[in-house]
Amino acid sequence: MAMLQSIVVFTLLLLMLILIIIIIVVVVVVVVFAFKPWRFFSYPSRCRAIKVGELEIPLVSNDVDLAQDQSNDLTRNYDLDGECHLNASLLRPPRTQGLVHKQRLSSASRRLALGDSVVGDVSDPLDGILVGQTLKRRVVTEHLVEVQKHGRPENQSQNLRFGTENDRPQESVPNTDAISDQRSCLSLQVVSGPSCGLHCSVLSTSTARLPLTLGRVPPSYLLLKDYEVSGKHAMITWNLNKLRWELVDMGSLNGTLLNSRPINHPDPGSRLWGDPVELASGDIITVGTTSNIYVHISSHNERLVPFGVGMTSDPMSLRRGGKKLPMEDVCYYHWPLPGIDQFGVFGICDGHGGVGAAKAASKILPEMVATILTDSVKRERVVSEQDASDLLRDAFSQTEASMNNYYEGCTATLLVVWADADENFFAQCANVGDSACFINMDGEQIKMTEDHKVTSCSERLRIEGIGEPLKDGETRLCGLNLARMLGDKFVKQQDSRFSSEPYISQVVHLKKSSGAFALLASDGLWDVVSFKKAIQLVVQTRERHSTETENLAEKIAEVMLNEARTQRTKDNTSIIFIDFDSISAVSSCKVRP
């Protein structure tokens, strides 16, 4: 009996011991998986801060595969041999004259070109991301890794200017032929991302505006509304000793890319600054996943426009702080036209149904003007008769015939400016649509365009004259509020009341010392700002900056754009301001938008 009791007691003690061991094991397992103590050891893992070709964005989960499966937009693949979607002339080094077309990228692909090669596919930000997931993005593909290992192909050596120490020396000698007198103009254009359309320019001699900071919060000079951009992300400085622009990463979380190559410190967790890297015209700076910035550098000895020019644009949004509208405006200017030294053009195209027609018109229209003026007889007739009516009429007609846009259309406002042998300037304008232009000279306002909305009196009279008058209360034709435009071939085939015949203004002789200026803008401005108010803003800005001559035209254009924002315009807004009383500090060709 005593033996039996001993066995029972021993069995109970053994069971209790086993239970205690199980409890201890469970507790240990819970602690290990909850607190992940292996994080404090240097074993390799998927959660490292950085590896070749990969950057990590913090505060989201580690499941990169899940994140990639849910959104293809999270991966940036760089196709270095793909199709070029930007005009090649834009991304080549600057030249003293010629047509350069900087068109807005398609929102579907947003592929950026560098030289003659595509740099990247850029998607809309933060689409398809689940809260709590890690957002990782590959900055280079396996193809680019192979380039790093084995050297760049010969046909890509001109496109990827930033490389290894063997590819690119640390100490490069500045090109004194391209940059003279220690003076250079840097222009930055955000070509994709949440702040697409934002731009700025600065001279190397503008010490008060340098260094130039790129970031998400003030006082960054280029303020990017992108959650993947650090507060102070990168900085651009003018190196006076080497006479060159340099870019440096300021210890950003997600790093900075130059032509798809990372330039940030190798250890991003340390938040240390990277090494300065030289910038060249045509470079693409990438901050975050989608914000790409195009770089244009013009030298002091580059041919300049003989008067002040300011050009700016903004897609705008339907409500304050809301998502930007699709950008369908394109604005541009060319001075002088290629081979036509005494002529220049300034224009705005406001697209509808998409940006395709506006892109096409902004490219073809100035080319047609230049082609017509290559005929010396026609050119001399314009100068001697001081009238470009036939030139404008033919250019619009040939442009319409060359366009193949059936379901997209655009307004077109084109101001032609030319000089005679005595350096007297003349201006004449032609337009279809409702993008307006006026000139102010000696306090007199001269309207250079006509409104071609269906509801305007001039259009109602024209339509009535062709025998198909509008019905009472009819304000649209085939759903469009414009009766004249370029493109829209389909609706023009359906309704003969549409037209592409331009209104042509009188010729204005721009007298010297008359305080003359011209203002072209899409209807995003004119919907909320009257001609009278615009003149008041110009006069006030001139008085406020009476002692400043540098970039005054750009300041006035920005004032106009800010006024449109303040007045809550709900349409794309593009502005060109021409100050015939000052000399420009900008390059001879530019297209935005």
Side-chain angles (χ1 to χ4, degrees), residues 183 185 187 201-203 205-206 298 300 302-312 331-337 341-348 383 386 388 413-429 436-449 505-521 525 529-563 574-590:
R183 182 185 177 100
C185 180
S187 297
S201 299
V202 63
L203 290 173
T205 54
S206 301
S298 57
H300 176 65
E302 184 174 342
R303 186 167 188 173
L304 301 178
V305 185
F307 30 76
V309 179
M311 184 167 73
T312 186
C331 52
Y332 60 92
Y333 68 83
H334 306 284
W335 182 280
L337 288 168
D341 289 345
Q342 64 203 104
F343 284 81
V345 295
F346 304 80
I348 289 179
V383 175
Q386 299 179 1
T413 297
L414 184 73
L415 182 69
V416 176
V417 179
W418 70 93
D420 62 13
D422 299 324
E423 296 187 352
N424 294 308
F425 286 102
F426 299 86
Q428 192 169 12
C429 191
C437 170
F438 74 86
I439 290 177
N440 188 277
M441 186 170 60
D442 289 326
E444 178 186 359
Q445 176 184 313
I446 305 170
K447 190 174 181 181
M448 304 293 288
T449 53
S505 73
Q506 62 180 323
V507 179
V508 177
H509 179 200
L510 303 166
K511 302 173 186 177
K512 296 178 180 179
S513 303
S514 62
F517 65 83
L519 180 62
L520 296 81
L525 177 70
V529 177
S530 65
F531 285 173
K532 182 178 179 180
K533 177 63 175 179
I535 294 173
Q536 290 176 352
L537 291 172
V538 172
V539 172
Q540 291 171 2
T541 307
R542 277 179 165 178
E543 291 176 350
R544 191 179 305 117
H545 301 278
S546 57
T547 59
E548 303 177 26
T549 57
E550 184 179 294
N551 297 327
L552 180 57
E554 291 185 4
K555 287 184 175 69
I556 293 174
E558 288 295 339
V559 167
M560 295 290 177
L561 190 65
N562 288 332
E563 181 67 17
S574 297
I575 297 168
I576 302 177
F577 179 80
I578 310 169
D579 189 349
F580 295 104
D581 256 8
S582 64
I583 302 298
S584 178
V586 297
S587 57
S588 59
C589 304
K590 190 176 289 186

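Here, residue 1 is the first one in the sequence, and each next residue gets the next number.
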**Student:** Determine whether P306 and W335 make a side-chain contact, defined as any pair of heavy atoms from C-beta on separated by less than 4.5 Å.
**Tutor:**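 Of all side-chain heavy-atom pairs linking W335 with P306, at least one is under 4.5 Å.
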
**Student:** Is the backbone N or O of G515 less than 3.5 Å from a side-chain atom of D581, with the two atoms forming a donor-acceptor pair by type?
**Tutor:**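 A pair under 3.5 Å: yes.
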
**Student:** Is there side-chain contact between V539 and F517, with at least one heavy-atom pair below 4.5 Å?
**Tutor:**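 A side-chain contact is absent here, since even the closest heavy-atom pair is not under 4.5 Å.
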
**Student:** Show me the pairs that pass salt bridge (charged side-chain N to carboxylate O under 4.0 Å, His left out) and involve residues 529-547, at least two apart or across chains.
**Tutor:**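 For residues 529-547: R542-D579.
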
**Student:** Short question: side chain of T312, backbone of E558 - any donor-acceptor pair under 3.5 Å?
**Tutor:**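 Checked: no pair found.
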
**Student:** Evaluate the side-chain proximity of F438 to I535: yes if any heavy-atom separation is below 4.5 Å, no if none is.
**Tutor:**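 Result yes, sub-4.5 Å side-chain heavy-atom pair found.
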
**Student:** Less than 4.5 Å apart, side chain to side chain, heavy atoms only: is that true for I575 and L519?
**Tutor:**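 Yes; the side chains approach each other to less than 4.5 Å.
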
**Student:** Are any non-hydrogen side-chain atoms of V309 and F346 less than 4.5 angstrom apart?
**Tutor:**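 A side-chain contact under 4.5 Å exists here.
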
**Student:** For residues C437 and T449, report the shortest heavy-atom separation together with the two atoms involved.
**Tutor:**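 Looking at all heavy atoms of both residues, the shortest contact is N-OG1, 3.1 Å.
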
**Student:** Identify all side-chain donor-acceptor contacts of residues 413-421 below 3.5 Å with residues at least two apart in sequence or on another chain.
**Tutor:**
{"residue": "T413", "atom": "OG1", "partner": "S435", "partner atom": "O", "Å": "2.4"}
{"residue": "D420", "atom": "OD1", "partner": "D422", "partner atom": "N", "Å": "3.0"}
{"residue": "D420", "atom": "OD1", "partner": "E423", "partner atom": "N", "Å": "3.1"}
{"residue": "D420", "atom": "OD1", "partner": "N424", "partner atom": "N", "Å": "2.8"}
{"residue": "D420", "atom": "OD2", "partner": "N424", "partner atom": "ND2", "Å": "3.3"}

**Student:** For residues M441 and A516, report the shortest heavy-atom separation together with the two atoms involved.
**Tutor:**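 Closest heavy-atom pair between M441 and A516: CG-CB, 3.9 Å.
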
**Student:** Counting C-beta onward and ignoring hydrogens, is there a side-chain heavy-atom pair between L510 and F307 closer than 4.5 Å?
**Tutor:**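 L510 vs F307: side chains apart.
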
**Student:** Indicate the atoms forming the closest heavy-atom contact of A534 with M560, along with that distance.
**Tutor:**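 Closest heavy-atom pair between A534 and M560: O-CE, 3.0 Å.
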
